[in-house]
Amino acid sequence: MTSLKSDFLRAITERGYMHQCTDLEGLDKRLSQQSSAAYIGFDCTAPSLHVGSLMQIMLLRWWQKTGHKPIVLMGGGTTRIGDPSGKDEARKMLTDADIGRNMDGIKSVFGKYLAFGDGKTDALMVNNADWLDKLNYIDFLRDYGHHFTINRMLTFDSVKLRLEREQPLTFLEFNYMLLQGYDFVELFRRNTCVLQMGGSDQWGNIINGVELGRRADQAELYGLTSPLLTTSSGAKMGKTAQGAIWLNADMMGAWEFWQYWRNTEDADVGRFLKLFTELPLDEIARLEALQGSEINEAKKILANEVTRLAHGEAAAAEAAETARRTFEEGAAADTLPTIEIPATELEAGIPAFALFVRAGLAASNGEAKRLVKGGGGKVNDATLDTETRPVTAADLKAGVIKLTAGKKRHILVKPV
């Protein structure tokens, strides 16, 4: 969009991050004239974020790269209630200890994408429990409750979805949007933060904050959302049949992470290169124009670049080399994921289908049996002819047994 003057808005629009903005012209004018602060909130519902949050992290990264100050808001307070946005039912209530542990795990990922410090554009991390835990409920209702109308709140998708499906929406959850709106006002007062960003499911909550800032402080605040991301086949980003694609290395290693991106659908390669890497747009255009088997080279570059940001240069290079050895040389690379099995069990023999389940290559015995019957199960790169074929110590090669499900999922079995 050539009419945009600010580097940030021009970059995110060209790369596909832009969905909605409360006042695009006003925000563009401000950003083209001065450095500003923006925030995105992350509730602490798990010990790691997964790739479904990666677009938001990349938004903050682009915000900083274009000369502005990013604020990471940890939802130590709001996680105690739970965001109803996009949910059919209430979130599981977490203890304060659970929230604290989750927050500790989540914090570590941001240092890989943002530069923190005391400088004008250095990133800042804050916890909304610092102010929400101190709120007096009666004072809060008196000072801010009259700025919210039930009529307006009922029009937000997060509320309408639950009501239309006749799922209960508790008063506790209904308060979430008030608290998120108050977060924006508090960050404006503390840090002159003028922009809240988030996924499109957060639009109603963001609007509340913009309007509350205007009514309570006569503040000129802005909201911006990115599109909710799915793959071309309609799958939700961050989830697979095997579970979540976590960003923390202690919950998912670089190899599995690299493989997730290497297995991107052909139709998604160009879009994901724009969103999750910093490659120049002309280079991305060249890569997404590749046809046939050549598109696999673009997928490898995508996997390398995303893994480099999340796990570092060395881990990305090791994952790429493991893939090359595994797929191009047929080797059982020693950096593949490994499970340990008691040597006595291997001596006795384990039915192949049962071992595939234990290795996490199938979710159930039935799924494992179907995998083998369909020709998708291999031991040491040899296709199994029967799902009950015992895997024994005789199958060990260089001290391990390589299990393969389909074409791209591999596990090493090591006796202990």
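Computed from heavy atoms alone, side chains included, the values below leave out hydrogens, waters and symmetry copies.
- Here I71 contributes atom CD1 and M197 contributes atom CE; the two are 10.0 Å apart, rounded to the nearest 0.5 Å.
- Between the NZ atom in K414 and the CG atom in L412 there is a gap of 10.0 Å [rounded to 0.5 Å].
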For this session: Determine, stepwise, if the pair Y113 / L60 fulfils side chain to side chain contact (heavy atoms under 4.5 Å, CB included).
Result: CA-CA 8 Å; Y113 294 88; L60 290 175; over 6 Å; no

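- With sequence neighbours excluded, the residues that form a salt bridge (charged side-chain N to carboxylate O under 4.0 Å, His left out) with K299 are D266.
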Exercise. How far apart are the C-alpha atoms of L279 and L287, what are their side-chain angles, what is the distance that settles it, and do they pass the side chain to side chain contact (heavy atoms under 4.5 Å, CB included) test?
Worked result: CA-CA 10 Å; L279 292 176; L287 291 170; 4.1 Å; yes

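- The closest donor-acceptor contact from the side chain of T307 to the backbone of A254 lies at 3.5 Å or more, if one exists at all.
- Under a 3.5 Å cut-off, the side chain of N127 and the backbone N or O of A129 do form a donor-acceptor pair.
- When all heavy atoms of L346 and P415 are compared, the pair lying nearest together is CD1-CB, 3.8 Å.
- Residues meeting the side chain to side chain contact (heavy atoms under 4.5 Å, CB included) test with E256, sequence neighbours left out: M252, P337.
- The salt bridge (charged side-chain N to carboxylate O under 4.0 Å, His left out) test applied to D139 returns R142, not counting sequence neighbours.
- By the side chain to side chain contact (heavy atoms under 4.5 Å, CB included) test, R286 pairs with E283, sequence neighbours left out.
- Closest of all the heavy-atom pairs between R308 and A316 is N-CB, 3.6 Å.
- Between L178 and F140 the shortest side-chain heavy-atom distance falls below 4.5 Å.
- Here L361 contributes atom CG and I339 contributes atom CD1; the two are 8.0 Å apart, rounded to the nearest 0.5 Å.
- For R101, the side chain to side chain contact (heavy atoms under 4.5 Å, CB included) criterion is met by A97, D98, not counting sequence neighbours.
- Residues L27 and L195 share a closest heavy-atom pair of CD2-CD1, 4.1 Å.
- Within 6.0 Å of NZ in K112 there are more than 12 heavy atoms belonging to other residues, nucleotides or ligands.
- Residues passing the side-chain hydrogen bond (donor to acceptor under 3.5 Å, both in side chains) test with T388 are T386, sequence neighbours excluded.
- With hydrogens and angles ignored, the 3.5 Å screen pairs no side-chain donor or acceptor of E305 with any backbone N or O of L273.
- A 4.5 Å side-chain heavy-atom check between L247 and F257 finds at least one atom pair inside the cut-off.
- Considering only residues two or more places apart in sequence or on other chains, F8 meets the ring pair (Phe, Tyr, Trp, His ring centres under 6.0 Å) condition with W63.
- Listed by chain and residue number, F353, E387 satisfy the side chain to side chain contact (heavy atoms under 4.5 Å, CB included) test with K369 (two or more places apart in sequence, or in another chain).
- Note that CZ of R30 and OG of S35 are 9.0 Å apart. Values are rounded to the nearest 0.5 Å.
- The two residues A352 and L384 come nearest to each other via the heavy atoms CB-CD1, 3.7 Å.
- D381 and K402 get closest at one heavy-atom pair: OD1-NZ, 3.0 Å.
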For this session: List the steps, then state whether side chain to side chain contact (heavy atoms under 4.5 Å, CB included) holds for W62 with R15.
Result: CA-CA 11 Å; W62 279 105; R15 300 183 82 95; 3.5 Å; yes

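- Screening residues 178-192 for salt bridge (charged side-chain N to carboxylate O under 4.0 Å, His left out), with sequence neighbours left out, gives E186-R190, R189-D217.
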Problem set entry | Evaluation steps, side chain to side chain contact (heavy atoms under 4.5 Å, CB included), between R324 and E321 | CA-CA 5 Å; R324 188 191 67 78; E321 175 59 16; 2.7 Å; yes

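- Counting only heavy atoms from C-beta outward, the side chains of V109 and N248 approach each other to under 4.5 Å.
- With rounding to the nearest 0.5 angstrom, the CD1 atom of I206 is 9.5 Å from the OG atom of S200.
- The backbone N or O of S36 lies less than 3.5 Å from no partner atom in the side chain of K69, so there is not a single donor-acceptor pair.
- Y17 is listed as a side-chain neighbour of M58, based on a closest heavy-atom distance under 4.5 Å.
- Note: L54 CG to L59 CG = 10.0 Å, rounded to the nearest 0.5 Å.
- Residues satisfying the salt bridge (charged side-chain N to carboxylate O under 4.0 Å, His left out) test with E278, not counting sequence neighbours, are R61, K65.
- Using a distance-only test at 3.5 Å, with no hydrogens or angles considered, a donor-acceptor pair links the side chain of N128 to the main chain of G76.
- By the 4.5 Å heavy-atom criterion applied to side chains, N102 and T79 are not counted as neighbours.
- Within a 6.0 Å sphere centred on CD of Q291, heavy atoms belonging to other residues, nucleotides or ligands number 12 at most.
- At a cut-off of 3.5 Å, with distance as the only test, a side-chain donor of Q202 or Q180 sits close to an acceptor on the other residue.
- Sorted by first and then second residue, the ring-ring contact (aromatic ring centres under 6.0 Å, His included) pairs with a member in residues 274-303 read W261-F276, F272-F276; sequence neighbours excluded.
- Distance alone, capped at 3.5 Å, is enough to place a donor-acceptor pair between the N263 side chain and the Q259 backbone.
- Side chains of L396 and I401 form a contact here, defined as non-hydrogen atoms less than 4.5 Å apart.
- Scored by the salt bridge (charged side-chain N to carboxylate O under 4.0 Å, His left out) test, R271 finds D268 as partners (sequence neighbours excluded).
- The one candidate from K378, R409, H410 that meets the side chain to side chain donor-acceptor pair (under 3.5 Å) condition with T404 is H410.
- Side-chain contact between L135 and L132: present, with at least one pair of heavy atoms (C-beta onward) separated by less than 4.5 Å.
- Here the closest non-hydrogen pair linking G75 and C44 is N-SG, 4.1 Å.
- The backbone N or O of F184 sits nowhere less than 3.5 Å from a side-chain atom of Q196 that would complete a donor-acceptor pair.
- Considering only heavy atoms from C-beta on, S6 stays 4.5 Å or farther from T66 through its side chain.
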